[in-house]
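So the structure is just underneath, and the comments pick up after that.
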Amino acid sequence: MSTISHWVAGQPYAGESDRTAPVFNPATGQQQTEVLLGSQADVEAGIQAAWDAFPAWSQTSVSARAKILFAFRELVNANIDRLAEAITDEHGKVLSDAKGEVLRGLEVVEFACGIPSLLKGDYSDQVSTGVDSYSFREPLGVVAGITPFNFPAMVPMWMFPVAIACGNTFVLKPSERDPSASLIIAELWKQAGLPDGVFNVVHGDKVAVDTILDSPRVSAVSFVGSTPIAKYIHERGTANGKRVQALGGAKNHAIILPDAEVDFAADHLAAAAFGSAGERCMAISAAVAVGSAGDRIVEAVNERARAVKVGSGRDAGSEMGPVVTKQAQERILGLIDTGETQGGQVTVDGRGYSVSGFEDGFWVGPTVIDQVTTEMDVYQQEIFGPVLSVVRSDSVDEAIALINSNPYGNGTAIFTNSGEAARRFQRGVHVGMIGINVPVPVPMAFYSFGGWKDSLFGDKHIHGPEGVGFYTRAKVVTARWPHVSHESEASFHFPTAR
Ligand code: NAD
């Protein structure tokens with residue numbers, strides 16, 4: 001069985017630790033490889049490589065950096081199939097979905113190709129007589145990314161293209177469940193001409209993460225994952241003086257108003273709830289059906305849930321693959337049981353699901369639970385599986401209040417034909433990303449991505465303009481070039497404009 005190694009200073013790195021974690025193919029349920037779990041020394045080797053590469057990379061001209069990004073963009077584009085296959089075999093999502101995540105990551109690379117424009121500073125002429133003022137931004141140093149299993153290519157690509165374009169060097173700690181995509185990406189960076197040490201990959205668990213959080217050589221940490229770990233990363237990272245953006249979990253609601261077009265809403269709800277087996281941070285897991293929309297939308301969604309083609313991600317006919325691990329499967333099935341015993345009506349039941357030829361896979365079929373209330377576990381927990389809970393509500397204002405009383409605030413959507421209701425919704429919800437008749441409103445790369453409340457700890461959203469702000473810090477220069485014959489006009493009072 002092959003062992004997936006780290007990538008340090010432009011080449012595979014075995015390190016000293018022989019601890020490993022199994023990597024499964026979720027469709028077959030079989031272990032297909034293993035990944036190294038780095039020791040403190042192994043992770044420090046990655047940080048050291050990034051530290052050594054920083055002086056030269058940060059002094060490389062912004063145009064030269066952009067050229068490497070353009071080359072990397074072409075290489076990722078040419079290797080989409082290879083990346084997608086690696087993702088499907090370790091995550092389980094269907095190939096078309098895996099390609100989609102690479103393409104959304106590629107959009108961030110394309111955004112970062114514009115780094116010469118993005119880093120343009122400000123200039124003010126003659127702020128005082130003979131004095132000019134200007135500002136520009138500089139990279140931070142070594143920055144790290146710690147990423148979740150559910151988007152092994154896209155989420156790291158929310159981070160490193162912008163960080164590297166800004167002149168930082170990068171250490172990626174990917175999820176140990178699907179680590180292969182990160183190494184393909186490392187090879188592509190090398191082929192694109194990125195100097196060794198600018199992009200490093202260290203694999204591991206809490207030991208690796210804590211080494212990053214405690215290292216005085218790491219200036220900033222971007223994290224994406226579950227809320228308890230996001231909170232921990234933010235607290236420990238900031239206590240150690242680092243800049244931290246830590247994106248957490250989610251419970252995304254979609255409101256369906258009685259004036260919504262039912263078939264349109266049901267098609268989109270089913271895709272948003274069951275796509276990628278519900279393992280998207282922007283998946284819709286709670287439908288809030290308002291008034292007379294309730295029975296109509298449940299009936300239409302049930303029909304679509306029963307029709308979802310579940311199978312191996314490698315099968316072009318599949319619309320939904322397995323969930324990532326046996327533990328995830330057991331947790332999700334247990335939550336459906338609890339939903340039923342706590343009074344929910346399981347109208348489409350994904351328990352006991354099996355796919356012919358893949359009997360050992362980690363399957364959970366599409367599931368709809370109606371009449372869910374806010375006290376139930378299925379409502380309170382982020383299920384992260386193909387389970388849609390339907391909560392009934394009497395009005396749009398009651399539905400908005402429900403969303404606002406939830407601790408998460410990542411994404412939300414409304415289905416309606418009323419511009420007035422949509423506007424009330426967009427202004428009223430305490431959520432970072434909002435869709436109007438768009439169920440998975442993931443912002444384009446030239447906007448920034450981020451939630452509110454327990455879905456993000458830290459001040460800056462990820463990629464887009466806020467990403468550039470996160471990975472750089474400002475300098476403001478106040479300059480005077482006195483004519484040699486002028487009097488100095490120095491004074492002991494506080495300088496004011498003349
Ligand atoms: P996770 O929190 O278990 O793991 C994320 C990362 O943290 C991994 O690299 C993992 O190795 C590391 N980690 C895990 N336990 C740790 C510990 N005790 N100490 C230190 N590090 C630890 O998340 P996951 O299961 O891989 O991913 C799913 C979660 O990610 C869901 O909650 C989902 O909502 C969230 N997510 C959020 C967004 C977003 O944009 N807000 C995007 C994708 C995923």
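On a predicted model such as this, the values are computed, not experimentally measured, just so you know. As a basis for the values below, the full set of heavy atoms in this structure was taken, side chains included, without hydrogen atoms, waters or symmetry mates. Just so you know, ligand 1 is whichever comes first in the structure, and atom 1 is the first atom listed for that ligand.
- Close approach of ligand 1 to Trp158 (heavy-atom distance below 4.0 Å) involves ligand atoms 40 (O).
- Judged by distance alone, the side chains of Thr347 and Asp370 never bring a donor and an acceptor atom under 3.5 Å apart.
- For ligand 1 and Gly249, the ligand atoms under 4.0 Å from any heavy atom of the residue are 32 (O), 34 (O).
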I'd like a table of donor-acceptor pairs (distance under 3.5 Å, sequence neighbours excluded) in which one partner is a side-chain atom from residues 150-168, with atom names and distances.
{"residue": "Asn150", "atom": "ND2", "partner": "Glu279", "partner atom": "O", "Å": "3.2"}
{"residue": "Asn168", "atom": "OD1", "partner": "Leu140", "partner atom": "N", "Å": "2.6"}
{"residue": "Asn168", "atom": "OD1", "partner": "Gly141", "partner atom": "N", "Å": "3.1"}
{"residue": "Asn168", "atom": "ND2", "partner": "Ala163", "partner atom": "O", "Å": "2.9"}
{"residue": "Asn168", "atom": "ND2", "partner": "Tyr471", "partner atom": "O", "Å": "3.0"}

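- For the pair Gly248 and ligand 1, a heavy-atom separation below 4.0 Å is found.
- Across Ile229, Thr147, Val207, Ile212, heavy-atom proximity to atom 22 (C) of ligand 1 is greatest for Ile229.
- The protein does not reach atom 4 (O) of ligand 1 closely, with no heavy atom under 4.0 angstrom from it.
- For His253 and Tyr379, the side-chain atoms include at least one donor-acceptor pair closer than 3.5 Å.
- The Asn150 neighbourhood of ligand 1 comprises atoms 43 (C), 44 (C), with distances under 4.0 Å to a heavy atom of that residue.
- A salt bridge links Arg351 with Glu340; the closest basic N to acidic carboxylate O contact falls under 4.0 Å.
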Atom pairs and distances, side-chain donor-acceptor, residues 174-181, under 3.5 Å, sequence neighbours left out:
{"residue": "Ser175", "atom": "OG", "partner": "Arg177", "partner atom": "N", "Å": "3.1"}
{"residue": "Glu176", "atom": "OE1", "partner": "Lys173", "partner atom": "NZ", "Å": "3.4"}
{"residue": "Ser180", "atom": "OG", "partner": "Glu90", "partner atom": "OE2", "Å": "2.4"}

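- Taking every non-hydrogen atom of Glu382 and a distance limit under 4.0 Å, the qualifying atoms of ligand 1 come out as 31 (C), 32 (O), 33 (C), 34 (O).
- Using modelled atom types, one finds no donor on one side chain facing an acceptor on the other under 3.5 Å when comparing Gln40 with Thr211.
- When Pro179, Pro148, Gly225 are ranked by how near their heavy atoms come to atom 35 (C) of ligand 1, first place goes to Gly225.
- Near Glu176, meaning under 4.0 Å from any of its heavy atoms, are these atoms of ligand 1: 10 (C), 11 (O).
- When Lys206, Lys251, Arg236 are checked for heavy-atom proximity to atom 19 (N) of ligand 1, Lys206 turns out nearest.
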